[in-house]
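Just follow the structure's listing: the first ligand is 1, and inside any ligand the first atom is 1. Note that the numbering runs from 1 along the sequence shown for the chain. Nothing here was measured: the structure is a model prediction, and the numbers come from that model.
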Amino acid sequence: MGRGTTPIESALRGRIPYGNDINPLSKALTKPRINPPSLNEIISRLSEIPWSQFKSIKNKKLLTFYHSKTLAQIEGLRLWLKKRKIQGKMDQIDCWIKMVAINRLTGHSPGFFSVYTLPPNQAVSIKSQKKINKKKQ
Ligand SMILES: C[S@@+](CC[C@H](N)C(=O)[O-])C[C@H]1O[C@@H](n2cnc3c(N)ncnc32)[C@H](O)[C@@H]1O
């Protein structure tokens with residue numbers, strides 16, 4: 001499936017989409033786009049997430065890739081989604097938010113969460129990212 005181009009296209013054409021991928025991220029990136037929530041549903045759910053409480057950072061190594069405030073929000077959102085899943089509350093709106101967040105993690109166009117990073121298929125080590133950061137200062 002990869003990012004899901006084929007199953008999504010088949011669903012858009014009224015077919016029953018089937019797909020598989022050895023990478024579990026593939027399902028997280030594909031399934032929410034088969035049955036997207038409305039913009040209002042997304043806006044409303046985003047307003048329920050306690051963003052202002054997301055202040056601590058557990059994985060400090062990732063500060064090479066993200067601003068501290070952004071990393072705190074990413075980690076907070078991750079835990080919030082995990083909790084929703086454990087509580088059996090994870091619905092298509094949460095899955096959509098998770099899909100968008102995963103897609104925004106790395107890359108260097110405006111709108112990505114990270115500093116100037118390479119896309120996932122060209123991901124670099126922390127050491128190499130530090131070199132990129134130095135060049136970009
Ligand atoms: C080039 S990508 C497919 C891109 C896709 N056509 C798209 O539009 O996004 C190839 C995919 O095959 C998956 N893959 C590789 N080996 C696999 C295997 N043995 N079983 C299932 N999926 C596999 C990879 O994880 C990767 O997501």
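- Connectivity analysis of hydrophobic side chains (ILVMFWY, heavy atoms under 4.5 Å, direct or indirect) links F65 to I57, L62, L63, Y66, L71, I74, L105, F113, I126.
- Residues S44 and S47 have side chains that never bring a donor and an acceptor to within less than 3.5 angstrom of each other.
- The stretch residues 65-89 participates, sequence neighbours left out, in these salt bridge (Lys or Arg N to Asp or Glu O under 4.0 Å) pairs: R84-D94.
- Remark: the Q137 side chain and the N133 side chain contain no N/O donor-acceptor pair separated by less than 3.5 Å.
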I'd like a table of donor-acceptor pairs (distance under 3.5 Å, sequence neighbours excluded) in which one partner is a side-chain atom from residues 9-21, with atom names and distances.
{"from": "E9", "atom 1": "OE2", "to": "R13", "atom 2": "NE", "distance (Å)": "2.8"}
{"from": "E9", "atom 1": "OE2", "to": "R13", "atom 2": "NH2", "distance (Å)": "3.3"}
{"from": "S10", "atom 1": "OG", "to": "P7", "atom 2": "O", "distance (Å)": "2.8"}
{"from": "D21", "atom 1": "OD1", "to": "N23", "atom 2": "N", "distance (Å)": "2.9"}
{"from": "D21", "atom 1": "OD2", "to": "M1", "atom 2": "N", "distance (Å)": "3.3"}
{"from": "D21", "atom 1": "OD2", "to": "G2", "atom 2": "N", "distance (Å)": "2.9"}

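- The two residues A28 and K98 have their closest heavy-atom pair at CB-CE, 4.3 Å.
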I'd like the atom pairs linking ligand 1 to the protein - N or O on both sides, separation under 3.5 Å - with distances to 0.1 Å.
{"from": "ligand 1", "atom 1": "8 (O)", "to": "T5", "atom 2": "OG1", "distance (Å)": "2.4"}
{"from": "ligand 1", "atom 1": "9 (O)", "to": "R3", "atom 2": "N", "distance (Å)": "2.8"}
{"from": "ligand 1", "atom 1": "22 (N)", "to": "I22", "atom 2": "N", "distance (Å)": "3.0"}
{"from": "ligand 1", "atom 1": "25 (O)", "to": "D21", "atom 2": "OD1", "distance (Å)": "2.6"}
{"from": "ligand 1", "atom 1": "27 (O)", "to": "D21", "atom 2": "OD1", "distance (Å)": "3.3"}
{"from": "ligand 1", "atom 1": "27 (O)", "to": "D21", "atom 2": "OD2", "distance (Å)": "2.7"}

